[in-house]
Protein chains: 2
Amino acid sequence: MSTGVKHITSECNGALNAIRDTLYVLSGKWKIQVIVLLRDGPMRFNELQRSLVDITPKVLSKELRELEMNEFVERKVFNTVPVTVSYEITPYAATLNPIIDSLREWGTQHRARIIEHMKQDGKQPA
Amino acid sequence: MSTGVKHITSECNGALNAIRDTLYVLSGKWKIQVIVLLRDGPMRFNELQRSLVDITPKVLSKELRELEMNEFVERKVFNTVPVTVSYEITPYAATLNPIIDSLREWGTQHRARIIEHMKQDGKQPA
DNA sequence: GATACTGCTATCCTTTGGGATAGTAATATC
DNA sequence: GATATTACTATCCCAAAGGATAGCAGTATC
């Protein structure tokens with residue numbers, strides 16, 4: 001108790017660990033974006049690739065595999081010719097909705113706030 | 001309308017953009033952790049460094065500068081000897097609480113779920 | 001005069017994320 | 001037989017994130 005670290009209680013550390021866990025499974029530039037897209041319905045590989053404009057197949061493939069491992073996405077192969085593969089979100093992915101919604105809401109108000117700031121700066125030149 | 005991209009409406013794109021904005025300002029391994037720590041009260045530089053066990057001063061310094069730029073953290077210098085510097089969160093940082101709370105809650109239930117899965121796997125060996 | 005404390009900065013190096021390009025199997029179409 | 005399609009994989013490469021180590025200014029203490 002002599003280190004100056006006073007309020008790092010177990011409660012605070014538990015929160016930090018839980019947050020780290022969440023950020024770990026959602027890591028990377030694309031996972032949340034894929035989930036948001038799939039919330040509107042299943043999509044095929046090339047469809048996802050076209051929607052996520054700058055993603056390369058290698059990266060998309062890796063993200064989808066990781067999403068599958070975490071039970072956020074289910075991969076379904078159809079025996080058509082040529083083969084088609086469909087990706088859809090699982091019910092478990094819906095548990096991420098509070099996170100996704102809070103991220104979206106905050107981003108929306110943050111952008112509005114920045115635009116407001118810019119307007120005011122414009123009105124008051126040096 | 002001939003690309004197979006059907007449900008990428010403006011609403012979906014707006015959501016993606018807002019989410020990208022949020023992830024951008026919270027990017028990196030440490031920013032959310034710093035904010036969580038500071039929610040319990042102001043801390044000094046070395047105090048933060050000791051709490052975030054593996055952070056180096058260079059990285060902590062960079063994170064704090066970026067948090068300051070986004071008005072999440074206020075830096076206060078005290079003319080003591082040797083000089084002390086205190087970091088505290090701003091009211092604007094409190095707007096991140098829904099995000100932080102949803103991340104914490106999800107991480108908590110996810111960990112519980114994984115432990116539950118491991119128990120069940122243990123009960124049913126091949 | 002050596003050491004310790006604060007709050008950093010500077011330099012170097014490694015790891016990771018992720019982009020670019022090309023190629024594959026199987027079939028269908030021109 | 002060349003080309004297109006789907007859903008990828010393989011290889012290479014680059015930039016950014018972030019870790020390791022050292023140092024600095026100013027004062028106080030031993």
Side-chain angles (χ1 to χ4, degrees), chain A residues 2-6 16 19-20 22-35 37-38 41-70 73-88, chain B residues 2-6 16 19-20 22-35 37-38 41-70 73-88:
Chain A
S2 61
T3 57
V5 178
K6 273 174 290 198
L16 285 184
I19 289 168
R20 275 191 281 257
T22 304
L23 296 180
Y24 182 75
V25 300
L26 296 178
S27 67
K29 188 174 171 181
W30 302 105
K31 286 193 194 70
I32 293 179
Q33 297 189 51
V34 170
I35 291 170
L37 286 172
L38 293 182
M43 293 175 84
R44 285 180 296 136
F45 190 89
N46 284 345
E47 214 173 347
L48 283 166
Q49 198 187 338
R50 279 188 293 264
S51 299
L52 300 167
V53 180
D54 283 329
I55 202 169
T56 59
K58 180 188 93 173
V59 174
L60 177 55
S61 171
K62 196 201 71 183
E63 301 288 308
L64 287 170
R65 252 180 281 131
E66 291 174 9
L67 289 169
E68 239 194 303
M69 278 176 24
N70 282 306
V73 161
E74 192 180 351
R75 186 184 125 110
K76 289 183 176 166
V77 184
F78 294 98
N79 219 355
T80 56
V81 102
V83 63
T84 55
V85 180
S86 161
Y87 296 90
E88 55 187 85
Chain B
S2 61
T3 57
V5 179
K6 274 173 288 195
L16 284 184
I19 288 168
R20 275 191 282 256
T22 304
L23 295 179
Y24 182 75
V25 300
L26 295 179
S27 66
K29 189 174 169 182
W30 301 106
K31 287 194 193 66
I32 292 180
Q33 298 189 51
V34 170
I35 290 170
L37 286 172
L38 293 182
M43 293 175 83
R44 288 180 293 137
F45 189 90
N46 283 345
E47 215 173 347
L48 282 167
Q49 199 187 337
R50 279 188 292 264
S51 299
L52 300 166
V53 180
D54 283 328
I55 203 170
T56 60
K58 181 187 93 173
V59 174
L60 179 54
S61 171
K62 197 202 71 183
E63 301 288 308
L64 286 169
R65 254 180 280 131
E66 293 176 8
L67 288 169
E68 240 194 302
M69 280 176 25
N70 281 306
V73 160
E74 193 180 350
R75 185 184 127 110
K76 290 183 176 167
V77 183
F78 295 99
N79 218 355
T80 55
V81 102
V83 63
T84 55
V85 180
S86 160
Y87 295 90
E88 55 188 86

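In what follows, chains carry the letters A, B, and so on, assigned in the order in which the sequence lines appear, proteins first and then strands, with residues in each chain numbered from 1. Quick caveat: nothing in here was measured; it's all calculated off a predicted structure.
Atoms CG (Leu64(B)) and C1' (dG7(C)) sit 11 Å apart, rounded to a whole Å. Here dA17(D) presents its C1' atom at 15 Å from CG of Leu23(A), a figure rounded to the nearest Å. Note: CD (Glu63(B)) to P (dC8(C)) measures 14 Å, nearest angstrom. Between the P atom of dT21(C) and the CD atom of Gln49(A) lies a distance of 14 Å, rounded to the nearest Å. The nearest whole Å value for the distance from the CE atom in Met43(A) to the P atom in dA7(D) is 12 Å. dG7(C) atom C1' lies 13 Å from atom CD of Glu47(B), rounded to whole Å. If you measure from atom CG of Asp54(B) to atom P of dG18(D), you get 13 Å, rounded to the nearest angstrom. Taking atom CZ on Arg44(A) and atom P on dT5(D), their separation rounds to 12 Å, with Å as the unit.
Here dT27(D) is the nucleotide among dG18(C), dT27(D), dG7(C) with the atom lying nearest to any side-chain atom of Val81(B). Which of dA20(D), dG7(C), dT27(D) sits closest to the side chain of Thr56(B) comes down to dA20(D). When the nucleotides dT6(C), dC8(C), dT6(D) are ranked by their closest atom to the side chain of Pro82(B), dT6(C) comes out on top.
Using a 4.0 Å heavy-atom criterion, one finds that Phe78(A) contacts no nucleic acid atom at all.
Shown here for Glu47(B) and Arg44(B), the closest heavy-atom pair between the two residues is OE1-N, 2.9 Å. Of all heavy-atom pairs between Phe45(A) and Leu64(A), the closest is CD1-CD1, 3.9 Å. Across Gln33(B) and Lys29(B), no two heavy atoms sit closer than the pair NE2-O, 3.0 Å.
At dC8(C), one or more side-chain N or O atoms of Arg75(B) fall inside 4.0 Å of OP1 or OP2 (strictly under the cut-off). Contact annotation: Tyr87(B) side-chain N/O to dC8(C) OP1/OP2 distance is under 4.0 Å. In this structure, Arg65(B) reaches the dT9(C) phosphate: one of its side-chain N or O atoms is under 4.0 Å from OP1 or OP2. For the OP1/OP2 pair of dA7(D) and a distance below 4.0 Å, the side-chain nitrogens and oxygens of Ser61(A) include no atom meeting the criterion. The shortest distance between the side-chain N/O atoms of Lys62(A) and the OP1/OP2 oxygens of dT9(D) is not below 4.0 Å.
Residue Trp30(A) is the one, among Trp30(A) and Pro57(A), whose nearest nucleotide of DNA chain C lies closer to the 5' end (criterion: closest heavy atom). If Lys58(B) and Phe45(B) are placed on DNA chain C by their nearest nucleotide, the residue sitting closer to the 5' end is Phe45(B).
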Quiz item: Step by step, would you call Ile55(B) with Val34(B) a side chain to side chain contact (heavy atoms under 4.5 Å, CB included)?
Solution: CA-CA 11 Å; Ile55(B) 203 170; Val34(B) 170; 5.6 Å; no
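From Leu23(B), atom CG reaches atom CG of Leu26(A) across 9.0 Å, with rounding to the nearest 0.5 Å.
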